[in-house]
Amino acid sequence: MAINLDDPKKFRPLAGQAHQVAMNMLRPISRKYDRAEHEYPKELDMLAAMIDGLSESGAGEGAGAAGVRRDESDQDTGVKNGANLASVMSIQEMCWGDVGLLLSMPRQGLGNSAIASVADDEQLKRFEGVWAGMAITEPGTGSDSANIKTTATLDGDEYVLNGEKIYVTSGDRCDAVVVWATLDRSLGRAAIKSFVVPKGTPGMRVDRLEHKLGIKASDTATIIFEDCRVPKENLLGSPEVDVKQGFAGAMATFDNTRPLVAAMAVGCAKAALDLTRELLEQAGVVVDYDRPAVTQSAAAAKFLQMEADWEAAHLLMLQAAWMADNRKPNSLEASMAKAKAGRVGSDITLSCVELAGSVGYSETELLEKWARDSKILDIFEGTQQIQQLIVARRVLGLSSTALK
Ligand SMILES: Cc1cc2nc3c(=O)[nH]c(=O)nc-3n(C[C@H](O)[C@H](O)[C@H](O)COP(=O)(O)OP(=O)(O)OC[C@H]3O[C@@H](n4cnc5c(N)ncnc54)[C@H](O)[C@@H]3O)c2cc1C
């Protein structure tokens with residue numbers, strides 16, 4: 001079977017629109033909100049309203065992070081390019097504009113992906129239009145998310161949540177947070193469930209906002225839960241603790257969100273490559289695609305190597321999203337895409353700073369900002385090392401207990 005390595009034609013208009021938005025609406029305010037950390041980018045309200053309009057008209061399929069549901073009732077067995085591919089392609093373009101601003105888009109939070117992934121139909125309807133952050137990380141628990149200590153105790157018709165969540169992206173600005181908590185610590189990872197907690201629920205409070213290296217347009221919050229009560233219907237998915245299934249339910253969210261984070265890295269790296277190409281051309285460096293890299297200048301050879309790395313990340317991203325669209329298990333591919341794109345994103349953006357020299361390091365261009373912004377994409381939703389661990393486990397057929 002021939003492999004078509006082009007972007008799917010069906011979504012090129014969507015990607016083109018996203019590119020225009022990134023160029024005309026995100027780039028112009030990129031530096032402003034890099035300097036004004038914690039200030040809400042009010043310009044995004046208009047943009048979010050436009051995306052809502054597109055989604056309602058059906059033209060905005062996958063315009064943001066929320067378009068990642070796997071519809072099990074869809075009996076169409078034909079190969080398809082669906083919402084996951086549309087999402088990665090549009091997110092890539094938006095992050096060509098600005099990663100921090102994309103992460104700040106109302107109603108497009110990572111919590112929305114979690115809802116899209118695991119909510120039942122009733123919950124999906126009830127939480128429609130809600131902007132949801134995602135709260136997994138705790139002071140003692142980062143990569144080891146099975147170790148979560150936040151508790152959820154059933155009391156009558158409500159769950160009572162207690163614990164502390166840190167580094168919640170959009171945690172201050174969002175309407176609700178999807179909180180991972182354990183129903184019973186003695187039952188291990190199978191007892192971890194996610195709960196939608198609307199902002200303003202008594203017992204929930206934002207404690208502080210973080211100052212960060214990059215993505216300064218995006219707010220990152222610590223949230224405390226003290227006897228915080230939510231209706232029991234806010235538990236996403238099944239309340240049963242299935243020890244055999246273990247962590248699979250909660251982890252399924254990552255199969256959908258990791259390709260999206262890969263797309264962010266691919267988009268940010270493309271921004272750096274495009275600008276560096278222009279700067280190299282201005283400096284008289286010619287990148288010749290018909291000659292071996294080793295026969296060209298060091299700068300041109302480096303550029304060719306970065307483009308090859310970028311293409312590999314881009315293809316892995318498309319593959320992981322395409323598999324999700326076609327309801328194929330994609331945990332391995334989602335982690336491969338995230339590992340490759342996360343690393344390539346950081347390497348390329350920093351190497352572009354290096355190639356552009358003082359112009360790369362100064363604030364006259366956005367290269368230094370992209371080098372700072374891209375680093376987080378190799379950290380959140382599972383670090384580089386954790387993605388490699390997951391890939392190794394899958395390839396070698398080893399359990400998480402056998403390979404730590
Ligand atoms: C800006 C920002 C936004 C974030 N947004 C969110 C969010 O919205 N929601 C959320 O829940 N969390 C969020 N996070 C948290 C993020 O997901 C965690 O920081 C990440 O999972 C890593 O956890 P940690 O920081 O505790 O590092 P640790 O887990 O302590 O890891 C430290 C280092 O050790 C390595 N390491 C850990 N375990 C292993 C292992 N078994 N083998 C090899 N190496 C290992 C890691 O790769 C890393 O290099 C955010 C973080 C930041 C900085």
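- Counting only distance, with no hydrogens or angles, the side chain of Lys199 and the backbone of Gly171 share a donor-acceptor pair below 3.5 Å.
- Take Asp45 and apply the salt bridge (Lys or Arg N to Asp or Glu O under 4.0 Å) test, not counting sequence neighbours, and it matches no residue.
- Residues Val178 and Phe195 have side chains not in contact (no heavy-atom distance under 4.5 Å, counting atoms from C-beta outward).
- In this model, no donor atom of one side chain and acceptor atom of the other lie less than 3.5 Å apart for Ser346 and Asp378.
- Judged purely by atom type and a 3.5 angstrom limit, Asp325 uses its side chain to pair as donor or acceptor with the backbone of Ala83.
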### Task
Might you work through the salt bridge (charged side-chain N to carboxylate O under 4.0 Å, His left out) test for Arg277 and Glu307, ending with a clear yes or no?
CA-CA 11 Å; Arg277 179 197 297 278; Glu307 279 196 318; 2.5 Å; yes

#### Entry: Candidate pair Glu43 and Lys32, rule salt bridge (charged side-chain N to carboxylate O under 4.0 Å, His left out), full reasoning
CA-CA 11 Å; Glu43 293 87 343; Lys32 175 179 167 189; 2.8 Å; yes

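- Across all non-hydrogen atoms, the minimal contact from Val118 to Ser194 is CG2-OG, 4.4 Å.
- Atom CG of Leu103 sits about 11.0 Å away from atom CG of Leu44, to the nearest 0.5 Å.
- The closest side-chain heavy-atom distance from Asn84 to Pro259 is not below 4.5 Å.
- Counted within 6.0 Å of CZ on Phe380, heavy atoms from surrounding residues, nucleotides or ligands total more than 12; the atom is thus considered enclosed.
- For residues 82-117, the pairs satisfying ring-ring contact (aromatic ring centres under 6.0 Å, His included) are His19-Trp96, with sequence neighbours left out.
- A heavy-atom distance below 4.5 Å is found between the side chains of Arg372 and Lys369.
- Scanning for ring-ring contact (aromatic ring centres under 6.0 Å, His included) contacts around Tyr33 gives an empty result, with sequence neighbours left out.
- Listed for the Lys212 side chain is a donor-acceptor partner under 3.5 Å among the backbone atoms of Ser218.
- A distance-only check finds no donor-acceptor pair linking the side chain of Lys193 to the backbone of Val179 [under 3.5 Å].
- Under the 4.0 Å criterion applied to side-chain N and carboxylate O atoms, Asp373 and Lys375 are not assigned as salt-bridge partners.
- With hydrogens and angles ignored, the 3.5 Å screen pairs no side-chain donor or acceptor of Ser374 with any backbone N or O of Thr349.
- Partners of Asp274 by salt bridge (Lys or Arg N to Asp or Glu O under 4.0 Å), not counting sequence neighbours, listed by chain and number: Lys270.
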#### Entry: Audit row: Arg343, Asp309, salt bridge (charged side-chain N to carboxylate O under 4.0 Å, His left out) steps and yes/no
CA-CA 10 Å; Arg343 180 151 36 148; Asp309 257 345; over 6 Å; no

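- Side-chain atoms of Asn162 and Thr151 form no donor-acceptor pair, as typed in the model, at a separation below 3.5 Å.
- Put simply, the side chain of Ile215 does not reach to within 4.5 Å of the side chain of Leu377, judged on heavy atoms.
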### Task
Apply the test side chain to side chain donor-acceptor pair (under 3.5 Å) to residues Asn256 and Ser113: give CA-CA distance (whole Å), side-chain angles for both, the deciding distance (0.1 Å), then the verdict.
CA-CA 7 Å; Asn256 286 340; Ser113 304; over 6 Å; no

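- Summarising the geometry of Ser145 relative to Ile136, their closest heavy-atom pair is CB-CG2, 4.0 Å, with the distance given to 0.1 Å.
- At distances below 3.5 Å, at least one donor-acceptor pair connects side-chain atoms of Thr276 with backbone N or O atoms of Ala272.
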### Task
Evaluate ring pair (Phe, Tyr, Trp, His ring centres under 6.0 Å) for Trp180 paired with Phe254, printing each intermediate quantity in order.
CA-CA 13 Å; Trp180 282 25; Phe254 287 135; 5.8 Å; yes

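- Considering only residues two or more places apart in sequence or on other chains, Ser400 meets the side-chain contact (heavy atoms from CB on, under 4.5 Å) condition with Arg189, Arg393.
- For the residue pair Gln282 and Glu278, no side-chain donor N or O sits within less than 3.5 Å of a side-chain acceptor on the partner.
- Considering all non-hydrogen atoms of both residues, Ala313 and Ala341 come closest at CB-CA, 3.8 Å.
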### Task
Report the C-alpha separation of Arg185 and Asn147 in whole Å, then their side-chain angles, then the decisive distance to 0.1 Å, and conclude whether the side chain to side chain contact (heavy atoms under 4.5 Å, CB included) test is met.
CA-CA 9 Å; Arg185 284 204 75 197; Asn147 200 23; 3.4 Å; yes

### Task
For the pair Ile223 and Asp207, evaluate side chain to side chain contact (heavy atoms under 4.5 Å, CB included) and give the outcome as yes or no after the intermediate values.
CA-CA 6 Å; Ile223 306 181; Asp207 192 50; over 6 Å; no

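- A salt bridge links Glu210 with Arg208: at least one charged nitrogen is closer than 4.0 Å to a carboxylate oxygen.
- Leu275 is listed as a side-chain neighbour of Trp370, based on a closest heavy-atom distance under 4.5 Å.
- For Thr141 (side chain) and Asp144 (main-chain N/O), no donor-acceptor pair under 3.5 Å exists by modelled atom type.
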### Query
His314 and Gln92: side chain to side chain contact (heavy atoms under 4.5 Å, CB included), yes or no, with the steps?
CA-CA 9 Å; His314 178 236; Gln92 175 191 322; 3.4 Å; yes

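- Residues Ala339 and Gln387 approach most closely at CB-CB, 3.6 Å, considering heavy atoms.
- Put simply, the side chain of Asn326 gets close to the backbone of Lys80: a donor and an acceptor are under 3.5 Å apart.
- Here CD1 of Ile390 is found 9.5 Å from NZ of Lys338. Values are rounded to the nearest 0.5 Å.
- Looking at Thr383, its side chain does come within 3.5 Å of a backbone N or O of Ile386 through a donor-acceptor pair.
- By the 4.5 Å heavy-atom criterion applied to side chains, Arg12 and Asp7 are counted as neighbours.
- Closest of all the heavy-atom pairs between Met94 and Ala18 is SD-O, 3.9 Å.
- Contact annotation: the side chain of Leu304 approaches that of Val287 to within less than 4.5 Å [non-hydrogen atoms, C-beta and beyond].
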### Query
What do the steps show when you test Arg27 against Glu365 for salt bridge (charged side-chain N to carboxylate O under 4.0 Å, His left out), and what is the final call?
CA-CA 11 Å; Arg27 283 278 179 97; Glu365 296 291 351; over 6 Å; no

#### Entry: Intermediate values then yes/no, side chain to side chain contact (heavy atoms under 4.5 Å, CB included), Ser351 and Gln305
CA-CA 11 Å; Ser351 297; Gln305 176 236 313; over 6 Å; no

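- Under a 4.0 Å N-O distance rule, the pair Arg107/Glu128 does not qualify as a salt bridge.
- With hydrogens and angles ignored, the 3.5 Å screen pairs no side-chain donor or acceptor of Arg229 with any backbone N or O of Tyr159.
- Side chain to side chain, Asp98 and Ser30 meet the donor-acceptor criterion of an N or O pair below 3.5 Å.
- The pair Glu363-Arg35 counts as a salt bridge, with a side-chain nitrogen and a carboxylate oxygen less than 4.0 angstrom apart.
- What you find for Gln123 and Glu233 is that their closest heavy atoms are NE2-O, 2.9 Å.
- The salt bridge (charged side-chain N to carboxylate O under 4.0 Å, His left out) pairs that include a residue from residues 164-183 are Glu138-Lys165, Arg173-Asp219, where partners are two or more places apart or lie in different chains.
- In this structure, the side chains of Thr222 and Val206 stay at 4.5 Å or more apart for every pair of heavy atoms.
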